[in-house]
Every structure is written in C-alpha cells, then in structure tokens.
Amino acid sequence: MKITYNDESHATDMIETGGTLDVDLYSYFYGLVRQIPRGMVSTYGDLARALGDIAASRACGYMLSINPDPEGTPCYKVVRSDGTVGKYTHILGEIEKIRRLERDGVTVEGDSVNNFEQIRFKDFETDFPLNALRNEQERVRSMVDLTDDFDASRVAAVDVSYDDEYGYGAMAIDDGGNIEIRESVQEVRFPYIPGYLAFREFKFIKDLAGNFDGVLLIDGNGLLHPRKIGLASYAGVMLNIPTIGVAKSLLLGTVSDNWVHMGEEKVAYVINKNTIVSPGHKVSLGSSVDLVKKLSHGKYPDILKVAHNNTVRLRHEKQKLMS
DNA sequence: GCGACAG
DNA sequence: ATCTTGTCGC
Ligand SMILES: [Mg+2]
C-alpha cells in the first residue's frame, strides 16, 4: 500500500501538522483484480477480505462499476459469492460478462459459474490495506477527548457530494446570522466503506476547516462507530478542533428512549429519524445533544442543509462545465 | 426472503 | 453517496 503523508513528519506529529493519510484504494483494488488468473474467478467478498475487511464488499462492486480500463483490469472475473455471475456494465450487460468468462474457459450454466469452488482464486498477494487503516483509527481514537472545550458562538458545518471521479466539499460558517461558504473540489480515490468514511472525506474537512475555531458539525458519526472513531472524531483530533457528528441514519447500536447504546455505553442521541447526534472531539455527548437540539428545532440542522445544498450546487456547476 | 452498514 | 456489479444474518 502506498501511504503518503503531506509532509515529512512522523505520524505522531500529524496533529500539529495536519498531515493526511491519503490511500489510493482504487489502484490497489484494481491490482488485486489483475491477479486473478485466466480461467479463474473471484468474488466481491473475497476481494474485500483481500483489502482487509468484508465490509468493503459493496465498495468492490462499486469500484468495478467505474473500472477505467476493462481490457487491462478484468472485472468480468468477479462474481457473486453464491456463484451467480452478477452484473456487468456493458451494452450487452451480463451476456458480455459470460462471453468473456467462456473465452477464458469458464463455463456458465443458467446464471451460475460451473465448478465455482474449484476455480475460485484465493491466493491474493496483499498486505490488507484496510488493516493498516484500522490501526490508524485506533491510534487516533486514543487521542479523542470528549471533555467540553469549545466556543459555540461560531458554528459551522461540512458535507461532501460526489461523482465517480471527484468530491465536492462545502463548509457553511454561521458567524451570527451571516453565512460564509467555503468550497473544496478534489479527486477521490477511496470508496465509501462503512466504518472507513474518514479515509474518503477527511481530506475535504482538512482543506475546509483547517483553521476554524468554533464548533464544527460533520455529516456523519463521531463516537457512534464500530471502533468509536467516526469521521467527526477523527477530524476533530487531526485538526484539534471541537466537532460533533450529525448522521442521517443509524450506522449501528440499539436505541432506547432516543439514546443510542453500544453495549452498555451511551454513544449517541436520536433527535429524529434523520438526525442522530454523536460527540466528535472536545464536546461531551450531553453538550453535543444540547447544542444540536438548539440548532435543529427538532429537524435536521439548517447549517448542515446549507452546506449540503452547496455541495450539490458545486457538483452540478462542474458537470455543466464538462458537458 | 428481507433488512442491514454513516456517506 | 448516486441512478448504485454485495454479502451476511435474522
Ligand atoms: Mg454527506
């Protein structure tokens, strides 16, 4: 895996420097797909495991769907875990996928591959890049501090929308009635994987909120995360700013009396079915709930909506420019 | 067979 | 997240 920092500093200096982990998972994944020998197949799940986490299975399907080089990177060799052929982006659809498989000597009966288990390639050469990213999350999690240390006189929100190549980030800063918009458009080489959102979106937050000093609302979770280090907490630690996660759906956990629990621990609060609050960094769970309740009037907070609308506007402007 | 797993 | 090639467990 190619892990690059945006400076020469040691990892533990990343808080001071704002250094960013920038993993090109697309290229790594296409490299795995190219390892599948002629006459063999793999599955979305096996490729996800070769990346380091079965949670990436759907992301594998997504990355194949945007495969820029169908001749060099044989996405037709990737089938479903039950042996059925699955989808293929082509005028002929899965007919073309079957044609390419049979050209390799893989026979298909009905919509399933024959001798599936025998031709299922599993010997990927990989160093499981997602394992390293989980380690990075553990490292940052140890620096999360949910003690109140914020100034709520300035509140801002960030969000990002996407096309297949770029992310369109926007930050809305409420400076007491006046709203300032900042924008950041960047290439994206990391897919959405549940539990790994930070490795797709953090670079936008870093670019937009690098020297912000109020409370930052982030579209996603903080403490409410499989490893207790969602995007909002990750960004808060990396940028050393107070953050709160506001998600539009529940990632995990059990809800009772509007409180979200992971095991015995209270990790988030459900304001409504589209507004789930969890602390990010430098803000306690209770203060996060109080502040977002005050901003939201029981609905999804306006400032987040403004940020989101601007990401959509940006994307449409860019796409209009391209056409 | 249906729902889940931020975006 | 967008017009979206999954997989697992209940
Ligand atoms: Mg978003």
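As a basis for the values below, the full set of heavy atoms in this structure was taken, side chains included, without hydrogen atoms, waters or symmetry mates. Every chain is numbered from 1 and lettered A, B, ... according to where its sequence line falls, protein lines coming before strand lines.
In the hydrophobic cluster analysis, where Ile, Leu, Val, Met, Phe, Trp and Tyr join through side-chain heavy atoms closer than 4.5 angstrom, A:Leu51 is grouped together with A:Leu197. When the side chains of ILVMFWY residues are joined at heavy-atom separations under 4.5 Å, either directly or via intervening members, A:Phe121 and A:Phe116 end up in two distinct hydrophobic clusters. In terms of hydrophobic clustering, with Ile, Leu, Val, Met, Phe, Trp and Tyr side chains grouped at heavy-atom distances under 4.5 Å, A:Val289 and A:Leu217 are assigned to a common cluster.
By the 4.0 Å N-to-carboxylate-O rule, A:Lys293 lies too far from A:Asp290 to be salt-bridged with it. The pair A:Asp175-A:Arg154 counts as a salt bridge, with a side-chain nitrogen and a carboxylate oxygen less than 4.0 angstrom apart. Using a 4.0 Å cut-off between charged side-chain N and carboxylate O, A:Asp219 and A:Lys248 make a salt bridge. Electrostatic pairing of A:Arg134 and A:Glu136 does not count as a salt bridge here, judged by no charged N lying under 4.0 Å from a carboxylate O. Classification of A:Arg189 and A:Asp22 as a salt-bridged pair fails, no side-chain N sitting under 4.0 Å from a carboxylate O.
Using a 4.0 Å cutoff on non-hydrogen atoms, the parts of residues 222-233 of chain A near DNA chain B are A:His225, A:Gly230, A:Leu231, ordered by number. At a non-hydrogen distance threshold of 4.0 Å, A:Lys97 from residues 90-115 of chain A come into contact with DNA chain C. Near DNA chain C, meaning a heavy atom under 4.0 Å away, there are no residues from residues 253-269 of chain A.
The interatomic distance linking A:Tyr30 (OH) with C:dT5 (P) rounds to 12 Å, in whole Å. Regarding A:Leu252, its CG atom lies at a distance of 20 Å from the P atom of B:dG3, rounded to whole Å. Computed from coordinates, the A:Ile66 CD1 to C:dT5 P distance equals 10 Å when rounded to whole Å. Atoms OH (A:Tyr62) and C1' (B:dG7) sit 12 Å apart, rounded to a whole Å. Following rounding to the nearest Å, A:Leu25 (CG) and B:dG7 (P) show an atom-to-atom distance of 20 Å. If you measure from atom CZ of A:Phe190 to atom P of B:dA6, you get 15 Å, rounded to the nearest angstrom. Straight-line distance from the CZ atom of A:Phe29 to the P atom of C:dG6: 12 Å, rounded to whole Å. A:Asp82 has its CG atom 17 Å from the P atom of C:dT5, to the nearest Å.
Within 4.0 Å of A:Ser161, counting heavy atoms only, lie sugar-phosphate atoms of the nucleic acid but no base atom. At the heavy-atom level, A:Asn67 lies nowhere under 4.0 Å from the strands shown. A:Tyr196 comes within 4.0 angstrom of a base, heavy atoms only. Among the protein residues, A:Ala247 comes within range of the sugar-phosphate backbone only, with heavy atoms under 4.0 Å from sugar or phosphate atoms but none that close to a base. When heavy atoms are screened at a 4.0 angstrom cut-off, A:Gly245 is found touching no nucleic acid atom at all.
Side-chain proximity of A:Cys75 to C:dA1, C:dG6, C:dT5: nearest is C:dT5. Closest to the A:Pro194 side chain, of the nucleotides C:dT5, B:dG7, B:dA6, is B:dA6. Looking at the side chain of A:Lys248, the nearest of the listed nucleotides B:dG7, C:dG6, B:dA6 is B:dG7.
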Side-chain donor-acceptor pairs of residues 250-269 of chain A under 3.5 Å, sequence neighbours excluded:
| residue | atom | partner | partner atom | Å |
| --- | --- | --- | --- | --- |
| A:Asn258 | ND2 | A:Val270 | O | 2.8 |
| A:Glu265 | OE1 | A:Lys228 | NZ | 2.7 |

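Ring centroids of A:Tyr192 and A:Tyr62 are separated by 6.0 Å or more, keeping the two rings apart. Under the 6.0 Å cut-off for aromatic ring centres, A:Tyr234 and A:Phe202 qualify, their centroids lying closer than that.
A donor-acceptor pair under 3.5 Å is absent between the side-chain atoms of A:Asp159 and the main chain of A:Leu304, judged by distance alone.
Between the SG atom of A:Cys60 and the CG atom of A:Leu25 there is a distance of 8.0 Å, given to the nearest 0.5 Å.
Cation-pi geometry between A:Arg34 and A:Tyr28 is not satisfied (NZ or CZ under 6.0 Å from the ring centre, within 45° of the ring normal). The cationic atom of A:Arg200 (NZ for Lys, CZ for Arg) lies less than 6.0 Å from the six-membered ring centre of A:Tyr162 and within 45° of the ring axis.
Two residues are said to be in side-chain contact when any heavy atoms from C-beta on lie closer than 4.5 Å; A:Thr147 and A:Asp149 fail this criterion.
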DNA chain B in dot-bracket, Watson-Crick or G-U pairs under 3.5 Å, [ ] crossing, | other strand? ||||...
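A stacking contact links A:Tyr192 to B:dG7: the aromatic ring centre lies within less than 5.5 Å of the base's six-membered ring centre, and the planes differ by less than 30°.
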Take A:Glu201 and A:Lys206 through the salt bridge (Lys or Arg N to Asp or Glu O under 4.0 Å) test and state the conclusion after the steps. CA-CA 9 Å; A:Glu201 289 205 1; A:Lys206 180 190 160 208; over 6 Å; no
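For C:dG6, the OP1/OP2 oxygens have no side-chain nitrogen or oxygen of A:Ser57 closer than 4.0 Å. OP1 or OP2 of C:dG6 sits under 4.0 Å from a side-chain N or O of A:Arg80.
Judged by atom type and distance alone, A:Tyr44 reaches the base of C:dT5 through a side-chain donor-acceptor pair under 3.5 Å.
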Between the protein and nucleotides 8-10 of chain C, list every N/O to N/O distance that falls short of 3.5 Å.
| residue | atom | partner | partner atom | Å |
| --- | --- | --- | --- | --- |
| C:dC8 | OP2 | A:Ser81 | OG | 3.4 |

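The two residues A:Asp148 and A:Ser284 come nearest to each other via the heavy atoms OD1-N, 2.9 Å.
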